[in-house]
Structure formats: structure tokens, C-alpha cells
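Let me begin by presenting the structure, written as C-alpha cells, before commenting on it.
By convention in this document, chain letters (A, B, ...) are assigned in the order of the sequence lines, proteins followed by strands, and residues within each chain are numbered from 1. The analysis underlying the following values was restricted to heavy atoms, covering all of them including side chains, and did not include hydrogens, waters or symmetry mates.
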There are 2 protein chains.
Amino acid sequence: MTAEAGQVYIEDLGRHAGATVTVKGWLMNRRSSGKLHFLQVRDGTGVVQAVCFKGNLDAETFRRLDLLPLESSLEVTGLCKAEPRASGGFELDASGVRIHQEAEPYPIGKKEHGTGFLMEHRHLWLRSSRQHAVLRVRARVIKAIRDFLDERGFVCMDSPIFTPSACEGTTTLFPVDYFGETAYLTQSGQLYAEASAMAFGKVYCFGPTFRAEKSKTRRHLTEFWMVEPEVAFLEMDGLLDLIEEFIAYVVAQVLKDRRAELEVLERDISRLERVVRPFPRISYDQAVALLHEKGQAFAWGGDFGAPDETLISEHFDRPVLVHRYPAQVKAFYMKRDPADDRLALCVDVLAPEGYGEIVGGSERASDLAFLLEQIKAHQLPEETFRWYLDLRRYGSVPHAGFGLGVERTTAWICGVPHLRECIPYPRMLEKITP
Amino acid sequence: MTAEAGQVYIEDLGRHAGATVTVKGWLMNRRSSGKLHFLQVRDGTGVVQAVCFKGNLDAETFRRLDLLPLESSLEVTGLCKAEPRASGGFELDASGVRIHQEAEPYPIGKKEHGTGFLMEHRHLWLRSSRQHAVLRVRARVIKAIRDFLDERGFVCMDSPIFTPSACEGTTTLFPVDYFGETAYLTQSGQLYAEASAMAFGKVYCFGPTFRAEKSKTRRHLTEFWMVEPEVAFLEMDGLLDLIEEFIAYVVAQVLKDRRAELEVLERDISRLERVVRPFPRISYDQAVALLHEKGQAFAWGGDFGAPDETLISEHFDRPVLVHRYPAQVKAFYMKRDPADDRLALCVDVLAPEGYGEIVGGSERASDLAFLLEQIKAHQLPEETFRWYLDLRRYGSVPHAGFGLGVERTTAWICGVPHLRECIPYPRMLEKITP
């Protein structure tokens, strides 16, 4: 898009060196010294310093700038000059300033604010450089996800949000009154993605998913985004390769295009640069042995808790693929390991540095009789899954897929401990505003 | 992704002419004549004919193929030969066939089925060539939308699904029990996108939106996808340019990459080729005059109904931008026309051929006092909009944005009259399965 008449975005100033341009944005900071104002102006694409000499502006404007509250909106017209000491490499020698709106005293200052206060002001907190950096990384993660899949011929097939059934149990579902019937908000688009894969071969769904979890930990959101690729004729080994290639690609894209943001976040970039293939792959059994080596009490057969995941992931310098968990802790639709019927052909990917599970995937059971047994054993309503079972009646094939959580992945890449900073408007227990 | 050992996708056969390859898919159709089976095999990326000579296959397999039900899953290994009469330009001279699963008798046949029956079997109906074509167009529309915005520096900022407030009235909201409080499923991410634009300059949100409308028309879904770009410092004229450029780009991308699908749908492609800039732009007043010319009774001041929209759009060979509606029929947040205070600075885009509104947009009111008045006049709860009003307290700027519905756009581009075919798993009044 062409910017409005004469507007130049700060990230594009490099193409306008020596020209007089107009930047439109907000006052982020100011230093003044008698005959000079140094205005830090942000426009969403970057920050530039505007140098305002008293002699170059009309007296009234110069006076107003002295007291102008932070986050006031303004336009600065000036000569774009290379300035090696400036963060973007350029500054403006202002010849005119137009103040759009003089802000009321801005509630977010330089002093430390409590998280509750910042969350109440999320709509303004987004303007802070740290939040801005995290969410620009998140947007790049989303683009990398879609590019990877689109370039490889995956068809975007959105699974529905309103569902009549639960994918993995019903305790954490949000029910909705759907014209007198009860519907649930989706926890996972996978079952539908399986149906889509039988029609399109390679597909993905990518949308918000919902968990009515009463946990208040830093790892939980009630609403988060998840991408779920699903591939007909893909089996366990191919699945592990696909996941590895996918994660390595996403990290590489962020490193290529969002390095400045990672620097704002003081991220140890060398740790991300190590995220190249091959990733370590260990079986559940090996993971349990590793926990025991590290002195952690853990009984074979259970699922890993957050402390277990942290201990396992700390042992590696890149994401680790943990495969073949006991079937009893996993969902009903997973295929069993032909080499050991107690195990599911599944994989969890644990991010380094204690960021926990970012991917869960599996080869899916393709045998109708086995699935019927599992639905009974898990006490799920068979009628609800009738359509899903049809996929095994009409041309069943081996297939596999996985889900990757966008906010957990963003948290890990950014080195931000709390998921609430990794989505624009977080939703949590007791938190639904703004 | 590398396909599993030896698998070649049908869309890639052109790169394997003269080689022996394996295609994995489903039996879509069959003709037999004694010593020959002609199998039409689909794999989600295309359809290929496999020619099976009795002498080239083992006797048992050849016999089973004679009776193999449609949609059975199978792998065909054979020589990839150029065949000008074949739809993709190639066919397979089969040297081996492996049957994965013999399907139960397939419920969807060549005879006409009622819509109710097809909707009940949506998970299978997706495999039909027409549905397959529509949804591949939809996926390309989605990619075009994101590419257009990403390439122009828009930051993807997802608006929340759970909201405490309604953007435009409360009668069509789905309420959710949110841990004892009432939340609503979003109808539009716009108000949040405005907050995001004040932090990032140019943004878009793109996700599912919900309308609890009791209408059972072909133009209504309860769950549909909408993209909503929002730009700080963008004003009315720039908004109209942006919308035009955006729609023209999306149509051009589909024409470039999905022509085969449009041909399956027997779409009149010449009509889409006319969708280039400039688009006609008419004011609401001119639209009303046009209706009167056509003999339609319509009183100035009301909103257009579907028949009015059809009459207006039929007058033009490409999408028409209708701007400056009476403020009384539009939402509270729109800026008034400085030239006529009764009008809002808004625009609806009507697709050609009676497909109705695909875009609604406006310049937003930036003045706090005016917005407060409007919130009172619309009897909306001021407290709920406190955070939204903050955007006018802390650096208010001119800004504008619009929303485009993915399924309506897909319906128009495909020439498909009913929205239910333009989303993988449609949700409507009385329809929530599969």
C-alpha cells in the first residue's frame, strides 16, 4: 500500500536519505535542553529521533512540545539524515511538527508496574518496546508456519470451532448454548483434519483452540492458536522428519527477519542458532532412564509433569523429540507400536531451556475394529464419532499429524517465561478484559 | 516435505515422465473390459488414470480390482507415460497394485443426492471434485489475503475470540459460561484491531467470527472467517484505494493458480478477468437513485436488503464500492462525513452477479467526545468500552479499516450460490455435525 500523502514509515527511512519526509506517529520519549527538543517518535514500524531546533519551528509549537505528554500523536516533517549513532541509522532534522492530539497523562511510565496493572492496560501495554518485539516475533512465527506448509502443497482446511464432541475428554471444554443444543468450543481440530487429509492428501488447520483449564500457571491460556498438519500415507518415521524440518524452518525464519526484536528482548541468540537438524530423538523409556540418572523419582507408565519436562529438555541444546509414550496416558486415536503393544506411536517435542511441550503428534490408528475398542475403553460416545469412524470404513490409510502451539513456540523463541505476553489479548482464568 | 518412500504426488507426475513411480490414493472411478482395468485414482493433489493389463498384475489382485468399491485405498506402481488425452497429461502403466483397505459400499454415488444427505456426509462429500475445487480456491484466497498484507508490512495481530462486549449490538451473540461470568464469542475483531494499529501502525486480525443469526438463507453461516485490516493515519480516500487493490490482488492470485479448479466449477472465467482496477465507486445517494431508475421502491435512509444489493451490483461488471451510508444504519464507531453530518465515512463492497456484500469498512471516529455521545445514543454500556475510549485519550489519530468475509468472497469467485459449500465444515442454524 502506498502510505497516505507524503507519509514515510520509519522502517523505510533508509530509502529517503537526503529527502524531506513526514513521519506520523506517537511521542515515545523526549529530552529537551533550552533551544532543542529531541523527540523519540514511534510509528509501529520503528523509532526515530526528531531533532527540533527552536529556530526551525514556530514558537507556539516549540512551546507545546516542551510539555507534550508521552503517547501524544503527531506528524514530524524534516530532513532525513544518516546518523550512525541512531538505532535505525537515521534521524530527522525537523522543519515542522503537527500535533494531532495531546494525550492525557499516560498511565504506563518508566517505573515498574505490577502485572495486574499492565494486563488491565493491555491495549496500551502493546505499545511498549518489549511487547511490540514479542508480538512481531509471533506474527513472523505464524507467517513461517503458513509459508512452510503452503510451499509444500498442504491445503489450509479450517476445522470448525463449534463441535458436538470432545477430542480428548470433556473436563476442560467450554460449552455454548447453540440454539438450544449444547455445542463445545474446539480443543483441537485434529479429527476434522484427518477427514480433510483423506480428501486433500496434505492439509493443515490453523485457528484458535480453547481449554477451560482452571490452572493459573504461566504455561496456560484458555484461548490459544494451534496449527495442526495432517498427512495421508505418512507414517511414524516420516512424521518425526516433518516435525524436525518444520521447527528448524520456523526458527530460521525468525532469526533471519526478527533479529532486532530478539535483541530488544535480550534473547541469547546463540541458543537459537543451534536449533538445526538433526534434533535429538529419545524414546519415552530413555527419557525415564534420564530422569532416574538425574535423581528424579518417576514411575514408568505416567505422563511427564512440567518439572520432568524441564529436566529432560535441559539435557539437550535443541528441541528433543520424545517418542513412544505408554498408550494409557495418550489419546484413543493413536496407533500402537507394532514392536510393543503397550506403547503409542506418538511424539512430544520439548523445547530447550524448560519451555515445555511445543508439539504433540502421532501416527493415527487406521483400523476400524481397534478404534471401536478404544472408544469403548475410553468410555466415549460411539455415536458422536460415527463420522470419524467412517474414515476407516471408506478407504482407510496410514496417516499421521501433529499440533504446534503458537504461543508456546513464541515464548520459547523470545525467551519470555509467561504465555500471557505471547498473544495480543490473553485470556486466562479470571481474565477476559480488555 | 519428502513424500514417504517412493511416493509421488499426482500433481508432480510431470517431473517423472518415463520413470516407474508409486501413487498412493483412493479409487475414484473404474472402467473394465475383460483384460483391462482403467482405474481413476485421486490422491488429493489430482487424478490419474492407471491402466492395468491383466498380464502385468498377479491374478488375485486383478480379480479384486474387478469388484473393488469406490473410495477403497490403494497404491499403484507403474510407468509414468505422457498421454495427451489424460486430464493431467500423464497416465500410469501399472506394474503393481497394493490394496490398503477395501471400502464398504460408498454412500455417495453418481446419482443426485439431497443437500441434507450430503451435509450429513460432509466428511466424505469433501472428496467430490466440486467440493475439492471450491475448497482449494478458498485456501488460495486465504493465502492471497495474508501475502498481500504481509508483503505490505501489516502485522498479524489476532483479536480475541472471548470478548466481554459486543461490537455491533447484542442480539446475535453466542454467550459462553466463562468460569461463572458471561463472555461472548466475537462478531468482529475490529475494536481490538484498532488498539493494535495504535501500537503497530498497520495490522490485521484474521480468524473465525460468530453470528447467532436465526436466518436459514444461503448467505448465512454461524461461524465464518473474516480478515480485518486496520491502519493508523489512513483516511477515507486511502481506504477505498486499499480495498480495491486488495480485492483485485486476491482475484488475480486465484486466476493465476486455481484456473483448473475454476474450470471444474464451470465458472465463467472472463467475468473474473474483468475484476481489475479501477472499480466503480458510487455514493449511497447514487445507489438509491440507481434503484429508483430500475423501478425499485426504496426510501432514503434505510439499509439495502439483499434484493437491493443484487440490483445495484448487476449494474456493474466488477465489484462496486458504495460509500457514505446514512450514519443511522451504521455502527457507532464510524466517523461522520465533514461534508454532510447525516452520513458516515463508510464503504460496502458489493460483489458482482448478486453475491452481495463482501467488504464493509469505514474511517473510525477519532474524537473522544463524539464517541461518548454515540455510545450513549446507541445505549451501549460505557464501562465496557472504557479501554476502547482510551485509544482516543492517548494519542488519537485518524484511522480506517475494513473486514472481508472469506466464505462470501470464495462463493463469488467460485460462482457457488451457497456459503455452506465454501467452508470445510459449515455451521448453521440446526447444523453442527459432523
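To the nearest 0.5 Å, the span separating NE2 on A/H121 from CH2 on B/W387 amounts to 13.0 Å. The CG atom of B/L221 lies 7.0 Å from the CE atom of B/M428; values are rounded to the nearest 0.5 Å. A distance of 9.0 Å separates CG in B/L135 from CD1 in B/I423, rounded to the nearest 0.5 Å.
Only the side chain of A/R138 comes within less than 4.5 Å of a heavy atom in chain B; its backbone stays farther off. Residue A/S196 touches chain B through both its backbone and its side chain, counting heavy-atom pairs closer than 4.5 Å. Looking at B/W125, neither its backbone nor its side chain comes within 4.5 Å of chain A, counting heavy atoms on both sides. Looking at B/D43, the atoms closer than 4.5 Å to chain A (heavy atoms on both sides) all sit in the backbone: N, CA, C or O. Residue A/L368 touches chain B through its side chain alone, counting heavy-atom pairs closer than 4.5 Å. Of the two parts of A/P160, the backbone and the side chain both hold a non-hydrogen atom closer than 4.5 Å to a non-hydrogen atom of chain B. For a residue to count as touching a neighbouring chain, one of its non-hydrogen atoms must lie under 4.5 Å from one of that chain's; by this rule A/R146 touches chain B with the side chain only. For B/P426, no part sits under 4.5 Å from any heavy atom of chain A, backbone or side chain. Within the 4.5 angstrom heavy-atom criterion, atoms from both the backbone and the side chain of B/P434 approach chain A. Using a 4.5 Å cut-off between heavy atoms, A/L149 does not touch chain B at all. Only the backbone of B/S72 comes within contact range of chain A, with heavy atoms under 4.5 Å apart.
The most heavy-atom pairs under 4.5 Å with chain B, out of A/E102, A/R122, A/R136, A/R140, come from A/R136. In terms of heavy-atom pairs under 4.5 Å with chain B, the best-connected choice from A/M157, A/H123, A/Q131 is A/H123. Ranked by non-hydrogen atom pairs under 4.5 Å with chain A, the options B/L126, B/V176, B/I432, B/L429 are led by B/I432. Heavy-atom pairs under 4.5 Å with chain B were tallied for A/V397, A/I161, A/D390, A/T433; the largest tally goes to A/I161. Residue with the most contacts toward chain A among B/E120, B/E194, B/R392: B/R392 (heavy-atom pairs, distance under 4.5 Å). Most heavy-atom pairs under 4.5 Å with chain A: of the set B/A103, B/G180, B/P69, this distinction falls to B/A103. Heavy-atom pairs under 4.5 Å with chain B were tallied for A/G153, A/A197, A/P107, A/P175; the largest tally goes to A/P107. With respect to chain B, the highest number of heavy-atom pairs below 4.5 Å among A/G201, A/A183, A/A212 belongs to A/A212. Among the candidates B/P398, B/G395, B/G44, the residue making the largest number of heavy-atom pairs closer than 4.5 Å to chain A is B/G395. Of the residues considered (B/F206, B/Y178, B/Y388), B/Y178 shows the highest number of contacts with chain A, using heavy-atom pairs under 4.5 Å. Looking only at heavy-atom pairs under 4.5 Å with chain A, the residue among B/L185, B/T222, B/V203, B/L70 that has the most is B/T222.
Nearest approach of B/W225 to A/G207, heavy atoms of both residues: CH2-CA, 4.0 Å. Taking each heavy atom of B/I99 and B/L74 in turn, the nearest pair found is CA-CB, 4.1 Å. The shortest non-hydrogen separation linking B/R127 to A/M198 is NH2-CB, 3.4 Å.
Between A/R152 and A/E245, some side-chain heavy-atom pair lies under the 4.5 Å cut-off. The shortest side-chain heavy-atom distance between B/F148 and B/Q253 does not fall under the 4.5 Å cut-off. Side-chain contact between A/F174 and B/D177: absent, with no pair of heavy atoms (C-beta onward) separated by less than 4.5 Å.
Side chains of B/Y425 and A/T163: a donor-acceptor N/O pair is absent below 3.5 angstrom, by distance only.
Between A/F233 and B/W26, the gap from one ring centroid to the other is short of 6.0 Å.
For B/D147, the side chain to side chain contact (heavy atoms under 4.5 Å, CB included) partners two or more places apart in sequence, or in a different chain, are B/K143, B/E151, B/Y249.
In this structure, B/F210 and A/F162 have perpendicular ring planes: the angle between them is above 60°, well past the 30° mark.
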